[in-house]
Amino acid sequence: MKTAIVTGATSGIGQAVAELLIARSYRVIGTSRNSGAVVDPIPGVDYRDLDLTDSSSIRAFVDGIGDLEVDVLINNAGESQCGPLEELPIDAITRLFQLNVFGAVELTQAVLPGMRERRRGKIVNIGSMLASFPLAYRSSYAATKAAIKGFSTAARFELEPYGIDITTVEPGSIDTGLSARRTKYCGPHSPYLRDFTTVIAKLDAKEAEGITAETVATTVLRAVEDKKTLPIYAVGSNAPAVFLAQRLLPRTVLEKFTARAYGLPSKRPSN
Ligand SMILES: NC(=O)c1ccc[n+]([C@@H]2O[C@H](COP(=O)([O-])OP(=O)(O)OC[C@H]3O[C@@H](n4cnc5c(N)ncnc54)[C@H](OP(=O)(O)O)[C@@H]3O)[C@@H](O)[C@H]2O)c1
């Protein structure tokens, strides 16, 4: 029986992935900040405590895995954040990088020695299409997702000779309720308030109309089971069309389309 770790397995994409892996007869270790109080537990999932913002929690989780042979690691747990770059508190940015990037990197480092010795393993990082198509007022979040993609795409070539595949799944807008949990930083008198409010309202509307977590989970499973693992799997938000547009259109044209789609002026105001 293969063993998979899914971080953030209590909600949204992580929960759907855990359910699919159980259905495929994996042994699934699912993480939560409070594994004793999982609201809707998936039968068969072994829930364990993990808070990726707390280094002692990461250490305890890794120690708990011990000599377990981990075949698959899904770095899914994450948080959303928005605000004008000027107003994002540096502590909040640091915390976001700890959760969305450094925690995932630390877990990856913990499972790699065993995978390398066994000459097999699969690591799937859940990124975001915002890394490929950055958006105003999402700079910190887009930066974390670009960072985790950077770790994946660069390390692919060092891990491949050892039979280990590492990849990134980039979801677009997904209806998981994540938008309600997004941390927002924009002061009531901020000069950015009007544009910020416009973008976030569009974003929330797109997420409410987004594809389901189950659809993303199917793509994650594809990434886990593909013999020839792709560097990136994009899903949702019309991914095939927008990635094609990215290849065909000049970057500045694409920027204008993105700005217009989110209600921002497509021309920068002149002084
Ligand atoms: N929803 C979207 O539109 C969307 C789009 C693109 C990418 N993504 C990415 O997809 C992933 C999952 O998103 P989702 O929408 O499914 O989110 P979600 O429903 O809010 O679930 C987040 C999961 O992360 C866990 N988590 C939160 N804070 C944590 C922490 N400090 N340490 C460890 N675990 C923590 C939560 O578990 P506990 O509360 O039990 O600890 C929960 O299971 C994230 O990386 C997100 O950035 C989402």
Side-chain angles (χ1 to χ4, degrees), residues 5-20 28-42 45 47-62 73-82 92 94-107 124-135 138 140-149 152 168-183 200 202-217 219-220 223 232-237 239:
I5 295 175
V6 181
T7 66
T10 58
S11 154
I13 296 168
Q15 186 179 39
V17 169
E19 194 161 19
L20 267 190
V28 176
I29 296 172
T31 79
S32 167
R33 281 164 295 177
N34 190 354
S35 65
V38 178
V39 175
D40 201 4
I42 312 260
V45 173
Y47 291 99
R48 303 214 184 161
D49 277 341
L50 175 65
D51 184 342
L52 288 163
T53 62
D54 175 355
S55 53
S56 61
S57 170
I58 298 178
R59 229 171 300 126
F61 176 76
V62 168
L73 169 64
I74 314 282
N75 282 312
N76 163 76
E79 202 176 275
S80 191
Q81 186 179 87
C82 59
T94 306
R95 187 182 167 280
L96 194 73
F97 267 84
Q98 176 56 43
L99 171 50
N100 289 7
V101 185
F102 303 138
V105 169
E106 213 174 324
L107 287 191
V124 180
N125 292 317
I126 308 300
S128 166
M129 268 173 72
L130 283 177
S132 296
F133 303 90
L135 180 63
R138 304 304 313 278
S140 54
Y141 181 77
T144 63
K145 294 304 185 180
I148 196 71
K149 179 163 70 173
S152 296
T168 310
V169 171
E170 289 202 337
S173 293
I174 317 298
D175 184 17
T176 63
L178 183 76
S179 51
R181 294 184 284 279
R182 185 182 298 129
T183 45
I200 300 308
K202 286 266 184 203
L203 200 69
D204 288 352
K206 282 180 192 290
E207 278 180 13
E209 291 166 3
I211 59 168
T212 63
E214 286 69 26
T215 305
V216 183
T219 300
V220 174
I232 292 176
Y233 294 79
V235 56
S237 296

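For ligands, and for the atoms within them, numbers begin at 1 and follow the listed sequence.
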salt_bridge([X], [Y]) N-O dist < 4.0 Å:
X: R95; Y: E79; answer: yes
X: E207; Y: R182; answer: yes
X: D54; Y: R33; answer: no

Name the closest protein heavy atom to [atom], giving the residue it belongs to and the distance to 0.1 Å.
atom: atom 46 (C) of ligand 1; answer: Y141 OH, 3.5 Å
atom: atom 36 (C) of ligand 1; answer: T10 OG1, 3.9 Å
atom: atom 22 (C) of ligand 1; answer: G78 O, 3.9 Å
atom: atom 1 (N) of ligand 1; answer: T176 OG1, 3.0 Å
atom: atom 32 (N) of ligand 1; answer: L52 N, 2.9 Å
atom: atom 3 (O) of ligand 1; answer: I174 N, 3.0 Å
atom: atom 25 (C) of ligand 1; answer: G8 CA, 3.6 Å
atom: atom 31 (N) of ligand 1; answer: D51 OD1, 3.0 Å

> What heavy-atom pair brings I42 and Y47 nearest, and what distance separates the two atoms?
Replying inline: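 Here I42 and Y47 meet closest at N-OH, 2.7 Å.
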> So which heavy atom on L52 is nearest to which on Q98, and how close?
Replying inline: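 Distance-wise, the nearest heavy atoms are O-NE2, 2.9 Å.
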Considering only heavy atoms, does [X] approach ligand 1 within less than 4.0 Å through its side chain, its backbone, both, or neither?
X: N76; answer: both
X: R33; answer: both
X: L99; answer: side chain
X: R181; answer: side chain

Would you say [X] and [Y] make side-chain contact, with heavy atoms under 4.5 Å?
X: P171; Y: M129; result: no
X: L107; Y: L73; result: yes
X: N125; Y: V169; result: no

Would [X] count as a contact of ligand 1 if the rule is a heavy atom under 4.0 Å away?
X: K145; result: yes
X: G236; result: no
X: G127; result: yes
X: T53; result: yes

> Do ligand 1 and L178 have nitrogen or oxygen atoms that lie under 3.5 Å from each other?
Replying inline: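 Checking ligand 1 against L178, no N or O pair falls under 3.5 Å apart.
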>> When you compare ligand 1 with P171, is there at least one nitrogen or oxygen pair between them that comes in under 3.5 angstrom?
In response: no
